[in-house]
Every structure is written in structure tokens, then in C-alpha cells.
**Q** 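Please read through the structure below; I'll follow up with questions.
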Amino acid sequence: MRKFIRGIDAVSKGAGSCAKYIIIPLFAGILYDVFVRYVFNAPTIWAYDMGWMLYGVLAMLGTAYCLQVDGHVRMDLFYGRLSPRGKAIAEMVCYIVIFFPLAYFLVRYCGDHAISSLISRECTSASTWRPPVYPWKLVVAFSFLLLALQGTAIFIKDVYFVVKRRPYEP
């Protein structure tokens with residue numbers, strides 16, 4: 001079990017580390033488009049599609065890492081008043097009732113949609129450039145899978161904390 005949790009944590013951290021470098025081509029592409037649009041009056045046909053695809057990859061690849069480092073927003077109105085064990089129990093209930101069903105739905109349907117997109121070699125119709133969209137959809141499906149696995153690892157850590165009454169140590 002420790003190998004599973006360490007492996008998921010490592011993959012989430014790696015995906016988060018890769019995601020931060022996506023900002024460089026995203027920024028460069030938008031900067032280039034703005035420059036040629038306003039200086040030379042020659043807008044690009046690829047900047048719009050490139051921008052939303054790279055931003056989507058940036059946001060999606062960072063979700064599992066954000067969950068791992070406890071960076072997601074939570075409402076602390078009641079949660080903040082609980083004991084550490086009470087917080088772990090509350091998280092376990094939320095994972096069972098909300099997170100796991102939602103994760104299953106997202107992984108299943110985004111995965112099916114990504115595979116269908118790959119098989120058909122789907123291209124976007126948002127611009128005249130029409131780049132392939134299936135690589136982006138595969139990254140989104142992979143990101144949801146990684147988020148579900150990271151959530152499972154955190155759930156296991158919470159169960160360990162509730163049962164053993166001490167924090168999980170890798």
C-alpha cells in the first residue's frame with residue numbers, strides 16, 4: 001500500500017512540475033499573437049486554439065498536485081472547528097459521498113470521449129486552423145484519472161489516521 005501511495009504522490013508531483021512549464025509556450029504564443037496583431041495588423045490563426053488548449057492542460061495537470069498539497073478550497077465554517085480526527089472523518093465522508101462518484105463519472109465519460117476523439121482523429125472547429133483536439137482530450141482524461149488516484153491515496157491516509165490515531169508516514 002505504501003508503494004501505491006508513494007507512486008501516486010510522485011506522479012502527481014511530476015505532473016504538477018510539468019504543468020508549470022506549460023506557462024512558457026502559453027505566454028510566448030499569446031505575446032507573439034498580440035504583437036503581430038497590433039504592430040503588423042496580421043493576427044494568427046492558431047493563437048486562440050493554442051491558448052485554450054495549453055491553458056486547459058496547465059489547469060488540468062495541476063489538479064492532482066493541488067489536491068496532494070491540500071491547495072483546494074474548502075469551507076472552513078464547520079471543518080475548522082473539528083479535531084484532526086474529526087477532520088479526517090469528515091473528509092472520508094465527503095470522499096465517499098461526493099468525490100468518488102464524481103471522479104468515476106469524470107474518468108469514465110472523459111475517458112470514453114477521449115478514446116472516441118482519438119479514433120476519429122477529431123479536430124476542433126473553433127477556428128480556421130482546425131488543430132487536432134484528441135491530444136488535449138487525452139490529457140484531460142489522464143488528469144481526471146490522476147486526480148481520482150490522488151484522492152484515493154488521500155482517502156487511504158485519512159482511514160489510516162482515523163484507525164491508527166496517528167498521521168500516515170510514507
Side-chain angles (χ1 to χ4, degrees), residues 1-30 49-76 79 82 84-85 87-124 131-170:
M1 191 61 65
R2 291 190 189 281
K3 282 185 179 182
F4 170 77
I5 292 173
R6 276 196 301 265
I8 294 304
D9 286 346
V11 173
S12 294
K13 187 174 183 175
S17 293
C18 288
K20 68 183 175 187
Y21 293 110
I22 293 172
I23 199 75
I24 296 168
L26 176 62
F27 177 75
I30 291 171
D49 292 317
M50 184 265 328
W52 69 260
M53 281 190 218
L54 285 179
Y55 182 74
V57 168
L58 172 70
M60 292 305 300
L61 279 180
T63 57
Y65 176 71
C66 189
L67 184 62
Q68 179 188 17
V69 297
D70 202 23
H72 287 284
V73 176
R74 99 171 25 100
M75 185 163 169
D76 283 342
Y79 184 84
L82 297 174
R85 189 166 186 262
K87 288 179 182 179
I89 291 170
E91 283 189 12
M92 288 169 48
V93 169
C94 288
Y95 271 93
I96 291 169
V97 173
I98 300 168
F99 182 84
F100 289 133
L102 181 62
Y104 170 78
F105 174 80
L106 291 170
V107 169
R108 167 99 191 267
Y109 291 103
C110 286
D112 289 348
H113 194 69
I115 291 168
S116 173
S117 179
L118 175 66
I119 291 170
S120 68
R121 301 286 193 230
E122 181 182 8
C123 293
T124 183
V133 72
Y134 57 88
W136 180 78
K137 289 184 178 184
L138 288 169
V139 170
V140 169
F142 171 75
S143 297
F144 280 130
L145 176 62
L146 190 55
L147 181 67
L149 290 172
Q150 186 63 53
T152 303
I154 290 172
F155 180 78
I156 292 168
K157 291 176 187 179
D158 285 338
V159 169
Y160 182 90
F161 183 75
V162 168
V163 172
K164 299 283 187 173
R165 296 186 185 262
R166 67 178 187 266
Y168 172 84
E169 295 175 12

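Each residue takes its place number in the sequence, starting with 1.
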**Q** Is any side-chain N of the basic residue among Asp112 and Arg108 closer than 4.0 Å to the acidic one's carboxylate O?
**A** yes
**Q** Of all the heavy-atom pairs spanning Ile154 and Glu91, show the shortest one and how long it is.
**A** CG2-OE1, 4.3 Å
**Q** So, the side chain of Thr63 versus the backbone of Met60: is there a donor-acceptor pair under 3.5 Å, distance only?
**A** yes
**Q** Less than 4.5 Å apart, any side-chain heavy atom of Ile22 and any of Phe27?
**A** no
**Q** Do Pro25 and Leu54 have side chains that get closer than 4.5 Å, going by heavy atoms?
**A** yes
**Q** Any chance you could lay out the side chain to side chain contact (heavy atoms under 4.5 Å, CB included) test for Tyr168 and Ile156, step after step, and finish with the verdict?
**A** CA-CA 9 Å; Tyr168 172 84; Ile156 292 168; 5.7 Å; no
**Q** Mind checking the CD1-CG spacing from Ile8 to Leu147? Nearest 0.5 Å is all I need.
**A** 11.0 Å
**Q** Step through the shown structure and confirm whether more than 12 heavy atoms of other residues, nucleotides or ligands are within 6.0 Å of OH on Tyr55.
**A** no
**Q** Indicate yes or no: at least one non-hydrogen side-chain atom of Leu26 is less than 4.5 angstrom from one of Met53.
**A** no
**Q** Rounded to the nearest 0.5 Å, what separation is found between the CG atom of Leu138 and the SG atom of Cys110?
**A** 11.0 Å
**Q** So which atom in Gly16 and which in Tyr65 form the shortest heavy-atom distance, rounded to 0.1 Å?
**A** CA-CB, 3.9 Å
**Q** Should the pair Arg121 and Tyr134 be classed as cation-pi, given the thresholds of under 6.0 Å to the six-membered ring centre and 45° from the axis?
**A** yes
**Q** Any side-chain heavy-atom pair from Ile96 and Phe155 closer than 4.5 angstrom?
**A** yes
**Q** Hey, are the side chains of Val97 and Pro101 touching, using non-hydrogen atoms and a 4.5 Å cut-off?
**A** no
**Q** Judged by atom type as modelled, is there a donor-acceptor pair below 3.5 Å linking the side chain of Gln68 to the main-chain atoms of Asp9?
**A** yes
**Q** Any side-chain heavy-atom pair from Val107 and Tyr104 closer than 4.5 angstrom?
**A** no
**Q** Which distance, rounded to the nearest 0.5 Å, do you find between the CG of Leu146 and the CG of Leu67?
**A** 9.5 Å
**Q** Shortest non-hydrogen contact from Ala19 to Leu58?
**A** O-CD1, 2.9 Å
**Q** So, taking the atom named SG in Cys66 and the one named CD in Gln150, what distance separates them when rounded to the nearest 0.5 Å?
**A** 10.5 Å
**Q** Cys94 versus Phe99: any side-chain heavy-atom pair under 4.5 Å?
**A** no
**Q** Answer yes or no: does atom NZ of Lys87 have more than 12 heavy-atom neighbours from other residues, nucleotides or ligands under 6.0 Å?
**A** yes
**Q** Is there side-chain contact between Ile119 and Ile115, with heavy atoms separated by less than 4.5 Å?
**A** yes
**Q** For the NZ atom of Lys157 and the OG1 atom of Thr152, what is their distance to the nearest 0.5 Å?
**A** 12.0 Å
**Q** Please give me the minimum heavy-atom distance between Ala64 and Ser12, naming the atom from each residue.
**A** CB-OG, 3.5 Å
**Q** Does atom CZ of Arg2 have more than 12 heavy-atom neighbours from other groups under 6.0 Å away?
**A** yes
**Q** Do you know which two heavy atoms are closest between Phe161 and Ala88, and how far apart they sit?
**A** CD2-CB, 3.7 Å
